[in-house]
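Have a look at the structure below before the remarks.
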Amino acid sequence: MSRHFASLLAIAAVAVTLTPGAASAAPKAVDCTQVKCIALTFDDGPSKYAGELLDTLKKHNAKATFFLEGQYVKSRPAFAKRMAVEGHELGNHSYSHPNFTTIGPAAIRSEIQKTQDIIKQVAGVEPKLLRPPYGMADIQVSDIAAEFGMPMILWTGGSRDWESKNEEAIKKQTLAVAKQGSIVLMHDWVKQTVDSMPSLIKTLQKKGYHLVTVSELIKDQKLEPGDIFPVPEGWEK
Ligand SMILES: [Zn+2]
């Protein structure tokens, strides 16, 4: 609890120092027990299209969660910083995207730590959520996530954007999996995903959805470090 509290305070302090006069960018309090919420999540970035995506999110007052790869945070630090400044959530998606269930514990720890460090360094925030590459986890990965104080976040539905790379297909598939409380998997390195966002966000908002961060969406789940959500089939701890 104290760790959680400390990181919230750290984020608040950063928000104050990084965004003087940007109070309008602060997320409005949305109560997802009262209104329909969805969390769009973008993996493997920041990609070269992240700026365009951030422009779209800002224009529509939508928040998203970016599960970032440390190697790209290092090569595109300005995008990572902008994500934090504009009220999006930054999550840890490893440094170089290995399958955590096939590498040793020291390598997993290093992948997570290096990514925490570079995000803290360039964006001033400490990710509170881990999304293991490919959504692949086992008990060892869960134990290590717990050491870092982070639950693991998977997704309730995928846009299948990396597969179709087609704007219409991405919109159709995303709308098909968009339900109250959904966590949707997308990728900002898929150009067609970024291109589809203005129309997709408009449609979702017209259906009454509020686009919120994962932490906002799962607030009532009371996840513990090392927990996995949603719990995959066959998962036992
Ligand atoms: Zn990934």
Side-chain angles (χ1 to χ4, degrees), residues 38-54 57 64-77 79-80 83-84 88-104 107-119 122-123 125-138 140-142 144-145 148 150-166 169-170 173-174 177 182-197 213-215 217-218 226-233 235:
I38 283 186
L40 299 181
T41 66
F42 297 91
D43 282 16
D44 308 338
S47 82
K48 58 182 173 180
Y49 309 120
E52 200 184 328
L53 174 57
L54 286 166
L57 292 168
T65 301
F66 293 88
F67 286 100
L68 301 173
E69 269 180 57
Q71 60 175 334
Y72 299 125
V73 174
K74 190 172 184 199
S75 59
R76 301 185 182 104
F79 285 151
M83 287 165 186
H88 304 293
E89 180 160 25
L90 284 65
N92 189 319
H93 193 46
S94 82
Y95 196 85
S96 60
H97 215 271
N99 179 343
F100 279 2
T101 65
T102 64
I103 60 175
I108 298 171
R109 285 190 189 95
S110 159
E111 285 279 332
I112 296 173
Q113 187 66 59
K114 276 164 63 187
T115 303
Q116 290 295 96
D117 290 348
I118 189 75
I119 291 175
V122 310
V125 296
E126 225 169 314
K128 291 178 292 176
L129 306 174
L130 175 69
R131 175 173 281 169
Y134 312 103
M136 296 292 288
D138 55 19
Q140 174 170 263
V141 178
S142 162
I144 294 172
F148 282 89
M150 293 194 281
M152 298 180 287
I153 303 298
L154 303 182
W155 49 88
T156 62
S159 60
R160 309 197 73 84
D161 55 352
W162 54 274
E163 204 172 38
S164 72
K165 293 205 173 128
N166 175 283
I170 292 166
Q173 171 65 19
T174 302
V177 298
S182 291
I183 299 173
V184 182
L185 171 64
M186 313 186 94
H187 300 85
D188 61 338
W189 54 263
V190 178
K191 172 94 173 70
Q192 293 84 354
T193 295
V194 175
D195 290 344
S196 74
M197 288 311 291
T213 63
V214 169
S215 281
L217 189 83
I218 62 167
D227 282 354
I228 192 161
F229 182 85
V231 178
E233 216 164 304
W235 178 267

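Start at 1 and go down the list; that is how both ligands and their atoms are numbered.
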**Message:** Under 2.8 Å from the Zn ion (ligand 1), which protein N, O or S atoms do you find? Ignore water molecules.
**Reply:** Asp44 OD1, His93 NE2, His97 NE2
**Message:** Going by salt bridge (charged side-chain N to carboxylate O under 4.0 Å, His left out), name the residues that satisfy it together with Lys74, two or more places apart in sequence or in a different chain.
**Reply:** none
**Request:** Quick one: sort the His93 and His97 rings into parallel, tilted or perpendicular, breaks at 30° and 60°.
**Result:** perpendicular
**Exam field: side chain Ser47 to backbone Asp188, donor-acceptor pair closer than 3.5 Å** = yes
**Item:** Within 6.0 Å of CZ in Arg76, more than 12 heavy atoms from elsewhere
**Value:** yes
**Message:** Just to verify, which of Thr65, Leu90, Ile218 counts as forming a side chain to side chain contact (heavy atoms under 4.5 Å, CB included) with Thr213?
**Reply:** Thr65
**Prompt:** Of the options Gln116, Lys128, Lys114, which is the one that meets Asn92 in a side chain to side chain contact (heavy atoms under 4.5 Å, CB included)?
**Reply:** Gln116
